[in-house]
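The model shown is predicted, which means the values in this text are computed figures rather than measured ones.
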Amino acid sequence: QVQLDESGGGSVQAGGSLRLSCAASGRTGGYYTTGWFRQALGKEREFVAAITLSGGITGYADSVKGRFTISRDNAKDTIYLQMNSLKPEDTGVYYCAARTVPLVIRREPTEYKYWGQGIQVTVSS
């Protein structure tokens, strides 16, 4: 089973920045860290950003475009999410997710098989 470990979360004031990391370990078996999702209390898990295996294509939720940047390091099977100009509505638990070889952007949680445990991001006003 693939294990995904998120790091870099925490609490910041509005306008601040955080960088999340997600590293895969164990027997990946053809699965790759690809996307970031988030879930606010009492809300459905929603797509944030994703990146193809080559890093050549990225996709973002409209709510984070221009503020968040996703990147990857295939040598480490790690993806990153640089979050700038954070807003209180960005608060939630952030999850990284893995799927089979990502040649295109997938935005639905059901497209991903493995998930990290989640990491809290809190943005205060």
Consider only side-chain heavy atoms of I, L, V, M, F, W and Y, link residues closer than 4.5 Å, and tell whether [X] and [Y] are in one cluster.
X: Val93; Y: Trp36; result: no
X: Ile119; Y: Ile79; result: yes
X: Tyr80; Y: Phe68; result: no
X: Val48; Y: Met83; result: yes

Between [X] (side chain only) and [Y] (backbone N and O only), is there a donor and an acceptor less than 3.5 Å apart?
X: Thr52; Y: Ile57; answer: yes
X: Arg107; Y: Ala50; answer: no
X: Glu6; Y: Gly118; answer: yes
X: Thr34; Y: Tyr32; answer: yes
X: Thr58; Y: Ile51; answer: no
X: Tyr60; Y: Arg67; answer: no

Given Ser63, which partner from the list Arg38, Lys87, Glu89 fulfils the side chain to side chain contact (heavy atoms under 4.5 Å, CB included) test?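 Result for side chain to side chain contact (heavy atoms under 4.5 Å, CB included) with Ser63: Arg38.
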Among Val123, Val121, Leu41, Leu86, which one satisfies side chain to side chain contact (heavy atoms under 4.5 Å, CB included) with Thr91?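 Only match with Thr91 under side chain to side chain contact (heavy atoms under 4.5 Å, CB included): Val123.
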Would you call Lys65 and Asp62 a salt bridge, using N to O less than 4.0 angstrom?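 Judged by the 4.0 Å cut-off on N to carboxylate O distance, Lys65 and Asp62 do form a salt bridge.
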Taking atom types as modelled and ignoring hydrogens, do the side chains of Arg99 and Tyr112 form a donor-acceptor contact shorter than 3.5 angstrom?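 No, no side-chain donor-acceptor pair sits under 3.5 Å.
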Do Asn74 and Leu53 come within less than 4.5 Å of each other through their side chains, counting heavy atoms only?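 The answer is yes; the side chains approach within 4.5 Å.
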Looking at every non-hydrogen atom in both residues, tell me the closest pair between [X] and [Y] and how far apart they are.
X: Lys43; Y: Gln39; answer: O-NE2, 2.9 Å
X: Tyr95; Y: Gln117; answer: CE2-O, 3.5 Å
X: Ala24; Y: Val2; answer: CB-CG1, 4.4 Å
X: Ile105; Y: Gly59; answer: CD1-N, 3.8 Å

Partner residues of Tyr31 under the ring-ring contact (aromatic ring centres under 6.0 Å, His included) criterion, sequence neighbours left out: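 Result, ring-ring contact (aromatic ring centres under 6.0 Å, His included) vs Tyr31: Tyr114.
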Who are the ring-ring contact (aromatic ring centres under 6.0 Å, His included) partners of Phe47, not counting sequence neighbours?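 Residues passing ring-ring contact (aromatic ring centres under 6.0 Å, His included) with Phe47: Phe37.
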Between SG of Cys22 and CZ of Arg72, what distance do you get to the nearest 0.5 Å?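 Cys22 SG to Arg72 CZ: 10.0 Å, rounded to 0.5 Å.
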If you round to the nearest 0.5 Å, how far is CG of Asp5 from SG of Cys96?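 CG of Asp5 is found 8.0 Å from SG of Cys96.
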Please check if the number of heavy atoms outside Glu46 that lie under 6.0 Å from its CD is greater than 12.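 Yes - once you tally the heavy atoms of other residues, nucleotides and ligands closer than 6.0 Å, there are more than 12.
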Expected list for residues 8-19: side-chain donor-acceptor pairs under 3.5 angstrom, two or more places apart:
{"from": "Ser17", "atom 1": "OG", "to": "Asn84", "atom 2": "OD1", "distance (Å)": "2.9"}

Assess the residue pair Thr78 and Thr33 against the criterion (side chain to side chain contact (heavy atoms under 4.5 Å, CB included)); give the C-alpha distance rounded to whole Å, side-chain angles, the decisive distance to 0.1 Å, and a yes or no. CA-CA 7 Å; Thr78 299; Thr33 52; 5.7 Å; no
